[in-house]
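What you are looking at is a predicted structure, and each value in this text was computed from that prediction instead of being measured.
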Amino acid sequence: MSSIGVNKVILLGNAGRDAEMRSTSAGKSVANFSLAINQSFRDKKDGNVQRVEWVRCVAWGKLAEIAERFVTKGKQVFVEGRLQTRRFEDREGSPKTVTEVVVASLRVLGGTPNASRNGNGQGVAASDTTNAESETVPF
């Protein structure tokens, strides 16, 4: 029996704040932002229930630069990526664990004044996949 796993996350939510970009000591760009995923359902006891799930997202390299430019508070954002759990020590030396989505592709919906426009009127911020720039499509 093989032990193949799949780690893929697809999210559609609203940015909780503007993406914050910084650089690692090696000079690589990284941007962090959070998405609010709204969920509503009907409960027998309480009737209509509204919940918000907050998800941390991290984008690297060119996607980080795109996120910094286009992911702003309140914008609807579509993200594809993978889950990652990191363990680290905070400034006080206490161990911390954080689970986040490492972004492989993102698209900001609804448009922005400087975003390019596609045929359906939505502003496309980015759609990036591994090695997408080096591959050519034969059609």
Side-chain angles (χ1 to χ4, degrees):
M1 177 176 263
S2 70
S3 60
I4 296 175
V6 176
N7 184 355
K8 180 156 183 140
V9 176
I10 300 173
L11 300 171
L12 177 62
N14 295 85
R17 58 186 160 92
D18 295 356
E20 296 176 7
M21 191 166 87
R22 57 185 170 76
S23 294
T24 65
S25 57
K28 187 154 185 160
S29 300
V30 59
N32 294 297
F33 58 95
S34 57
L35 289 182
I37 313 300
N38 296 313
Q39 178 185 16
S40 62
F41 58 91
R42 204 162 172 84
D43 186 337
K44 288 182 182 179
K45 180 181 174 187
D46 300 322
N48 288 334
V49 177
Q50 300 278 333
R51 283 199 188 142
V52 177
E53 186 72 35
W54 287 94
V55 181
R56 290 176 52 118
C57 298
V58 59
W60 292 89
K62 184 148 178 88
L63 275 177
E65 296 167 14
I66 292 168
E68 179 192 35
R69 184 172 171 197
F70 292 102
V71 176
T72 57
K73 183 177 181 174
K75 286 285 186 189
Q76 191 175 43
V77 181
F78 177 83
V79 168
E80 290 183 70
R82 64 180 172 82
L83 280 179
Q84 173 179 280
T85 301
R86 295 185 294 119
R87 290 170 182 76
F88 63 95
E89 288 186 2
D90 65 10
R91 292 180 181 156
E92 289 79 37
S94 301
K96 299 287 182 187
T97 302
V98 63
T99 300
E100 58 200 3
V101 173
V102 179
V103 178
S105 173
L106 75 88
R107 187 171 293 234
V108 176
L109 305 175
T112 60
N114 345 346
S116 62
R117 305 300 263 177
N118 65 14
N120 65 7
Q122 295 177 334
V124 177
S127 182
D128 185 60
T129 57
T130 309
N131 298 327
E133 296 171 346
S134 63
E135 296 176 7
T136 58
V137 180
F139 51 89

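Considering all non-hydrogen atoms of both residues, Ala67 and Ala19 come closest at O-CB, 3.4 Å. In terms of heavy atoms, Gly81 sits closest to Val101 at CA-CG1, 4.2 Å. Nearest approach of Ala59 to Ala64, heavy atoms of both residues: O-CB, 3.3 Å. Between Ser40 and Gln50, the closest heavy-atom pair is CB-NE2, 3.4 Å.
One N or O on the side chain of Asp18 and one on the backbone of Lys73 form a donor-acceptor pair closer than 3.5 Å.
Linking Ile, Leu, Val, Met, Phe, Trp and Tyr residues whenever their side-chain heavy atoms come within less than 4.5 Å leaves Val58 and Val108 in two separate clusters. By the criterion of side-chain heavy atoms lying less than 4.5 angstrom apart, applied directly or through intervening Ile, Leu, Val, Met, Phe, Trp or Tyr residues, Leu11 is grouped together with Phe70 in one hydrophobic cluster. A chain of hydrophobic side-chain contacts below 4.5 Å, direct or via other Ile, Leu, Val, Met, Phe, Trp or Tyr residues, connects Val9 to Val71. Val77 and Val52 fall into different hydrophobic clusters, where Ile, Leu, Val, Met, Phe, Trp and Tyr residues are linked whenever their side-chain heavy atoms come under 4.5 Å apart, directly or through other members. When the side chains of ILVMFWY residues are joined at heavy-atom separations under 4.5 Å, either directly or via intervening members, Val98 and Val79 end up in two distinct hydrophobic clusters.
In this structure, CG on Asn48 lies 10.0 Å from CZ on Phe41, to the nearest 0.5 angstrom. Taking CG from Leu63 and CD from Glu65, the interatomic distance works out to 9.5 Å, rounded to the nearest 0.5 Å. The line from NZ of Lys96 to CZ of Arg87 is 14.0 Å long, rounded to the nearest 0.5 Å. Separating the CG atom in Leu35 from the CD atom in Gln76 is a distance of 10.0 Å, to the nearest 0.5 Å. Note that CG of Asn14 and CD1 of Ile37 are 8.0 Å apart. Values are rounded to the nearest 0.5 Å.
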* How far apart are the C-alpha atoms of Arg86 and Glu100, what are their side-chain angles, what is the distance that settles it, and do they pass the side chain to side chain contact (heavy atoms under 4.5 Å, CB included) test? -> CA-CA 8 Å; Arg86 295 185 294 119; Glu100 58 200 3; 2.7 Å; yes
* For Arg56 and Thr99, what are the C-alpha separation, side-chain angles and deciding distance, and is it a side chain to side chain contact (heavy atoms under 4.5 Å, CB included)? -> CA-CA 7 Å; Arg56 290 176 52 118; Thr99 300; over 6 Å; no
* Report the C-alpha separation of Leu109 and Leu12 in whole Å, then their side-chain angles, then the decisive distance to 0.1 Å, and conclude whether the side chain to side chain contact (heavy atoms under 4.5 Å, CB included) test is met. => CA-CA 10 Å; Leu109 305 175; Leu12 177 62; 3.6 Å; yes
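Under a cut-off of 6.0 angstrom, the local environment of CD in Gln84 is crowded, with over 12 non-hydrogen atoms contributed by other residues, nucleotides or ligands. Heavy atoms of other residues, nucleotides or ligands lying less than 6.0 angstrom from CZ of Arg17 number more than 12.
Residue Phe33 is tested with Thr72, Val103, Val55 for a side chain to side chain contact (heavy atoms under 4.5 Å, CB included); the sole match is Val103.
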